[in-house]
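Scroll down for the structure; my scribbles are underneath it.
Because only heavy atoms are used, hydrogens play no part in the values below, and waters and symmetry mates are left out as well, while side chains stay in. Bear in mind that the values here come from a model prediction, so they are computed numbers and not experimental data. Below, chains carry the letters A, B, ... as their sequence lines are ordered, and counting in each starts from 1.
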There are 2 protein chains.
Amino acid sequence: MTMHKPAATRNPPDGGHSSNGRILVAAEELFSAHGFAAVSINDIALRAGVSKANVFHHFATKNALYLAVLRRAQRDAAAHLHSLEQDTGPLPARLASFSGKHLLRLLEQKQLSRLILRELLAIGPDRARELAENVFGENFRHFVLILRAGQQSGELRSDLDPAVMATTLLGANVFFFEAQTLLRQFWDVDFADSPERFTTTLIEIVLHGICPIPRNVQEKFRPAVGSTDSSTPGVPARRGQKRRQRPH
Amino acid sequence: MTMHKPAATRNPPDGGHSSNGRILVAAEELFSAHGFAAVSINDIALRAGVSKANVFHHFATKNALYLAVLRRAQRDAAAHLHSLEQDTGPLPARLASFSGKHLLRLLEQKQLSRLILRELLAIGPDRARELAENVFGENFRHFVLILRAGQQSGELRSDLDPAVMATTLLGANVFFFEAQTLLRQFWDVDFADSPERFTTTLIEIVLHGICPIPRNVQEKFRPAVGSTDSSTPGVPARRGQKRRQRPH
DNA sequence: ATTAAGACTGACCGACCGGTCAGCAGGGGA
DNA sequence: TCCCCTGCTGACCGGTCGGTCAGTCTTAAT
């Protein structure tokens with residue numbers, strides 16, 4: 001009945017140099033790299049340069065700390081994706097821009113991305129709703145809305161579910177991110193280290209498909225998508241030393 | 001110097017009802033659902049109906065058990081994906097068939113898929129090579145080969161990297177799988193429980209793009225893709241939610 | 001100077017971890 | 001019959017886990 005647990009879930013004031021912030025940062029790094037269960041409070045305390053007891057001073061339980069990290073990640077992601085909105089220019093160019101930035105963001109924030117993808121593999125329907133509403137929901141819906149508008153203005157085919165369009169585009173990006181290490185192993189693949197090249201081709205595929213486009217319509221109906229780069233991606237000649245040697 | 005550790009890594013004889021097999025099955029289930037670190041040997045022993053010491057009788061360490069599970073999963077996956085090849089019919093139809101089967105396989109073997117995806121999030125370049133060669137390598141390369149052949153025969157555009165085509169298709173499927181629970185939360189999405197519907201639209205997107213196709217070429221250049229099947233297995237209504245606790 | 005309230009710590013707790021070990025049951029060869 | 005081998009178990013080990021607690025240090029208002 002002492003009730004001297006002052007902290008529980010303090011509001012996280014800063015992001016870096018208070019103890020609270022350092023704990024959050026350390027926890028994010030470790031959870032992202034190794035997963036929830038594989039990281040001990042001691043690890044986090046050590047990396048944050050505080051005592052283990054201090055971690056429990058700021059966060060009631062390990063789980064609460066994990067949730068705090070997740071929430072911060074969600075907030076960051078949502079905030080950043082907000083800035084991706086761009087309402088000028090033709091829709092294909094906007095899609096290309098969005099997709100490119102989305103992939104870049106995934107790669108820049110490896111930790112965060114991995115954290116969320118890990119979470120995706122473990123959640124049940126209950127937490128799915130929270131994630132859906134707090135992180136992806138708004139952006140996904142916004143994306144779908146843009147696509148739907150494009151359908152009504154005639155810029156996009158209206159016989160396709162826009163949500164599938166969105167899933168395809170985002171899914172390809174996410175997969176590129178999580179399989180990047182793996183893609184590097186294939187000699188067929190020379191874009192593993194060049195997200196720009198991947199994005200360019202991906203957008204071209206999603207916009208116009210992989211089936212041949214007859215000559216007479218080719219130019220009329222294929223809006224350029226920025227990237228005045230004259231060289232087509234083509235079947236890329238083997239890039240400079242990509243040769244990965246087998247150890248034996 | 002007693003050397004009485006008889007088992008170490010016994011060859012796994014069967015898949016189901018010997019102790020060895022039951023341990024492997026239990027381990028696969030638990031590792032898939034919760035990850036390596038979150039599962040204790042005791043959990044596995046309990047689920048397999050054997051003593052904890054018996055687990056160590058068959059597998060030298062927890063890590064060895066995990067590797068055995070992974071190896072079995074890889075073997076299964078590789079074996080099954082072999083059966084996806086289908087060399088008759090026009091290329092678009094074959095792609096549709098392949099993609100559909102691939103997605104179905106992902107969903108049927110949730111455990112396996114999750115296990116491998118989890119692994120994908122944690123590996124360094126060293127283990128990436130193993131995964132790449134044992135599980136995905138052959139199939140991915142084969143897939144790319146088919147696409148490249150399609151390019152040379154004129155069935156596919158030759159100005160696009162076939163590896164990106166493959167990545168796009170497979171990536172969309174994988175993302176559909178891992179985000180399924182999340183997709184169910186969006187009202188925009190009505191295909192979350194109907195992989196067939198998703199596959200159909202996905203293939204249409206990848207083949208012909210999301211940009212409008214002018215009338216005069218619409219029929220001439222858009223090969224049908226079979227799948228006159230109109231009945232989907234239906235949206236199985238809301239699943240009875242099984243309460244799963246956060247890891248602790 | 002006194003007080004009160006965080007921020008913070010070292011020592012500690014019971015539970016459980018991965019892993020070991022001596023030994024039991026039983027079946028087949030001699 | 002004896003013996004040995006294999007599959008298997010309960011008891012146990014040192015260590016680490018998440019979490020608690022009594023108490024110190026710092027700061028600022030009284």
Original post:
Atom CG of N20(A) to atom P of dG6(C): distance rounded to whole Å?
Top reply: 15 Å

**OP:** Tell me whether the OP1 or OP2 atom of dG18(C) has a side-chain N or O from T61(B) closer than 4.0 Å.
**Re:** no

Original post:
V55(B) near the nucleic acid: base, sugar-phosphate alone, or nothing, with a heavy-atom cut-off under 4.0 Å?
Top reply: nothing

**OP:** Check whether any side-chain heavy atom of F59(A) lies under 4.5 Å from a side-chain heavy atom of N63(A), and answer yes or no.
**Re:** no

Original post:
Does a nitrogen or oxygen in the side chain of S51(A) sit under 4.0 Å from OP1 or OP2 of dG10(C)?
Top reply: no

**OP:** Report the distance from atom CG of N42(A) to atom P of dC17(C), rounded to the nearest whole Å.
**Re:** 18 Å

Subject >> Distance, rounded to the nearest Å, where N54(B) contributes CG and dC21(C) contributes P >> reply: 17 Å

Original post:
T201(B) versus F191(B): any side-chain heavy-atom pair under 4.5 Å?
Top reply: no

Subject >> Value in whole Å for how far the P atom of dG10(C) lies from CG of L46(A) >> reply: 11 Å

Original post:
Rounded to whole angstroms, how far apart are CD1 on I41(B) and P on dA11(D)?
Top reply: 20 Å

Original post:
Tell me, do F31(B) and R118(B) make a side-chain contact under 4.5 Å, heavy atoms counted?
Top reply: no

**OP:** Measure the distance from CD1 on I44(A) to C1' on dG19(D) and round it to the nearest whole Å.
**Re:** 14 Å

Original post:
When the distance from CG of L30(A) to P of dG18(D) is rounded to whole Å, what number comes out?
Top reply: 12 Å

Original post:
Considering only dT20(C), dC8(D), dG19(D), which nucleotide approaches the side chain of F56(B) most closely?
Top reply: dT20(C)

Original post:
Is V206(A) close to M165(A) at the side-chain level, that is, under 4.5 Å between some pair of heavy atoms?
Top reply: no

Original post:
Any N or O donor-acceptor pair linking the side chain of K52(A) to the base of dG10(C) at under 3.5 Å?
Top reply: no

Original post:
What is the ring orientation for F143(B) with F98(B), classed by angle as parallel under 30°, tilted 30 to 60°, or perpendicular over 60°?
Top reply: tilted

Original post:
Once you round it to whole Å, what is the distance between P of dG18(C) and CZ of F59(B)?
Top reply: 15 Å

Original post:
Which one, dT9(D), dG18(D), dG10(C), comes nearest to the side chain of A53(A)?
Top reply: dG10(C)

Subject >> Any H57(A) side-chain nitrogen or oxygen under 4.0 Å from OP1 or OP2 of dT20(D) >> reply: no

